[in-house]
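Scope of the values below: all heavy atoms of this structure, side chains included, with no hydrogens, waters or symmetry mates. Protein chains get the first letters and strands the later ones, always in sequence-line order, with residue 1 at the start of each.
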Number of protein chains: 2
Amino acid sequence: MNKIDTYTPTECKKFILPVRDVIDLIGGKWRLPIIIALSFKIHRFKELERQIEGITPRMLSKELKELEINGLVNREVFNTMPVSVQYSLTEYGKSLDKVIETMRDWGLTHRNKIISE
Amino acid sequence: MNKIDTYTPTECKKFILPVRDVIDLIGGKWRLPIIIALSFKIHRFKELERQIEGITPRMLSKELKELEINGLVNREVFNTMPVSVQYSLTEYGKSLDKVIETMRDWGLTHRNKIISE
DNA sequence: AATACTACTATACTAAAGTATACTGATATA
DNA sequence: TATATCAGTATACTTTAGTATAGTAGTATT
């Protein structure tokens, strides 16, 4: 990790901010399930609701909105009967994959370590 | 990201678990500040309390305990007057650095993207 | 005419995370 | 004797995150 030269509380906070951003983006209970589902394929609202066990439409709607605002998810409305709304990952959203993979690798090692103790 | 073959809710949850572990480990409001402080140098309790602006001894104590239980932080008591307790990152705790760095890199790009829009 | 589907929203609630404030016991210093 | 330091703990509170349940508008099917 690139070390900080002047280790003041202010420097430290500045260093942490971008990491915090990532945690806030993917950190809720339902963010990862949504992102992983969308990394697999484009989903409609009801499809996501069925795919992600236990999620309520309120949370799904809320989280999709947040992810859209942050540019990770794309929302497209189609004039079918009844209307269909498709959610997909943006290229930017897909770029999170390598971050998630790094976290996953460490997490798997962690799990093995815990189990082997 | 290593894609899942059979995309069932169960498979999906299993895939997410290790990622969730990492988020739970470093995800609270005070975990990163503590880890970063300790990655810089060994700290005593009061040093951490002064270094990390706004933290209460209750939260500091609580989070250090959690980090110790999870093997990221080491606690050593010295029989000085008054007693001193030193907290340091374990080798395992230090291994989180590369994960944090990956997150930070993505987060910095995210910040630049948001600003440039 | 009644029911069902889609994509949500509204309201009220519970649970988890974090804060505020004061306090403890052992020792040292003024 | 009064005050300070260290490393915390105890109790009560607020704030944020997530849940439960019901309802909406528009269209299609039975």
Side-chain angles (χ1 to χ4, degrees), chain A residues 9 13 16-17 19-38 41-70 73-88, chain B residues 9 13 16-17 19-38 41-70 73-88:
Chain A
K13 271 180 216 155
I16 289 169
L17 268 179
V19 190
R20 171 103 299 135
D21 287 346
V22 176
I23 295 177
D24 290 345
L25 269 179
I26 68 172
K29 179 170 178 184
W30 301 110
R31 298 278 171 89
L32 274 176
I34 293 171
I35 291 168
I36 303 292
L38 294 180
K41 74 173 197 68
I42 291 168
H43 281 79
R44 298 175 59 177
F45 189 89
K46 272 283 164 186
E47 282 178 330
L48 282 172
E49 204 184 328
R50 276 187 286 260
Q51 185 64 238
I52 302 167
E53 280 181 356
I55 198 166
T56 58
R58 184 188 194 275
M59 286 309 285
L60 183 54
S61 169
K62 198 168 153 285
E63 299 301 52
L64 283 170
K65 236 170 241 165
E66 273 296 310
L67 292 170
E68 202 195 342
I69 286 167
N70 281 284
V73 161
N74 198 263
R75 180 179 183 267
E76 268 187 294
V77 185
F78 294 91
N79 233 337
T80 54
M81 309 288 170
V83 277
S84 56
V85 181
Q86 285 197 345
Y87 292 93
S88 57
Chain B
K13 271 181 218 156
I16 290 169
L17 267 180
V19 190
R20 171 102 300 134
D21 287 347
V22 176
I23 296 176
D24 290 345
L25 269 180
I26 67 172
K29 179 171 178 184
W30 301 110
R31 298 278 171 89
L32 274 176
I34 292 170
I35 292 168
I36 304 293
L38 294 181
K41 73 173 196 69
I42 291 170
H43 281 79
R44 297 173 60 176
F45 189 89
K46 273 283 165 185
E47 283 178 328
L48 282 172
E49 204 184 328
R50 276 188 286 260
Q51 185 65 237
I52 301 166
E53 279 179 356
I55 198 167
T56 59
R58 183 188 196 272
M59 286 309 285
L60 183 54
S61 167
K62 199 167 153 284
E63 299 301 52
L64 283 170
K65 237 171 238 166
E66 272 297 309
L67 293 170
E68 202 195 341
I69 286 167
N70 281 285
V73 160
N74 197 262
R75 181 180 183 268
E76 268 187 292
V77 185
F78 295 92
N79 233 336
T80 54
M81 310 288 172
V83 278
S84 56
V85 180
Q86 286 197 344
Y87 291 93
S88 56

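D/dC6 atom P lies 13 Å from atom CG of B/Leu48, rounded to whole Å. The interatomic distance linking B/Glu47 (CD) with D/dC6 (P) rounds to 9 Å, in whole Å. Here the P atom of nucleotide D/dT27 and the CZ atom of A/Phe78 are 19 Å apart, to the nearest Å. As rounded to whole Å, 19 Å separates atom P of C/dT6 from atom CD of A/Glu76. Atom NZ in A/Lys46 sits roughly 13 Å away from atom C1' in C/dT9 (whole-Å rounding). Distance CG (A/Leu60) to P (C/dT9): 10 Å, rounded to an integer number of Å. A straight line from CE of B/Met81 to C1' of D/dA7 spans 15 Å, rounded to a whole angstrom.
The closest side-chain heavy-atom distance from A/Lys41 to A/Glu47 is below 4.5 Å. B/Val73 places none of its side-chain heavy atoms less than 4.5 Å from the side chain of B/Ile35. The shortest distance between side-chain heavy atoms of B/Tyr87 and B/Leu38 falls below 4.5 Å. The shortest side-chain heavy-atom distance between A/Leu32 and B/Arg20 falls under the 4.5 Å cut-off. You'll find the side chain of B/Ser84 stays beyond 4.5 Å of the side chain of B/Phe45, heavy atoms only. Looking at heavy atoms from C-beta onward, A/Arg75 lies out of side-chain contact with A/Lys65 at the 4.5 angstrom threshold.
Here A/Tyr87 lies in heavy-atom contact (under 4.0 Å) with sugar-phosphate atoms only. In this structure, A/Ser84 reaches the sugar-phosphate backbone alone: every heavy-atom distance under 4.0 Å involves primed, P, OP1 or OP2 atoms, never a base. Within 4.0 Å of A/Arg75, counting heavy atoms only, lie sugar-phosphate atoms of the nucleic acid but no base atom.
With values rounded to the nearest 0.5 angstrom, B/Lys29 atom NZ is found 14.0 Å from A/Ile23 atom CD1.
For A/Pro82, the listed nucleotide lying nearest its side chain is D/dG26; candidates were D/dG26, C/dT9, D/dA7.
A/Asp21 is linked by a side-chain hydrogen bond (donor to acceptor under 3.5 Å, both in side chains) to B/Arg111, counting only residues two or more places apart in sequence or in another chain.
In terms of phosphate contacts, A/Thr56 brings no side-chain nitrogen or oxygen within less than 4.0 Å of OP1 or OP2 of D/dT21.
Taking a cutoff of 4.0 Å between a charged side-chain nitrogen and a carboxylate oxygen, B/Glu53 and A/Lys13 qualify as a salt bridge.
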At a cut-off of 3.5 Å, list every protein nitrogen or oxygen paired with a nitrogen or oxygen from nucleotides 10-18 of chain D, distance to 0.1 Å.
residue: D/dT11; atom: O4; partner: B/Arg58; partner atom: NE; Å: 3.0
residue: D/dG18; atom: OP1; partner: A/Lys29; partner atom: N; Å: 2.9

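Across the helix from C/dA1-D/dT30 to C/dA30-D/dT1, the helix axis at one end is tilted relative to the axis at the other end by 30° (nearest 10 degrees, each axis from five pairs).
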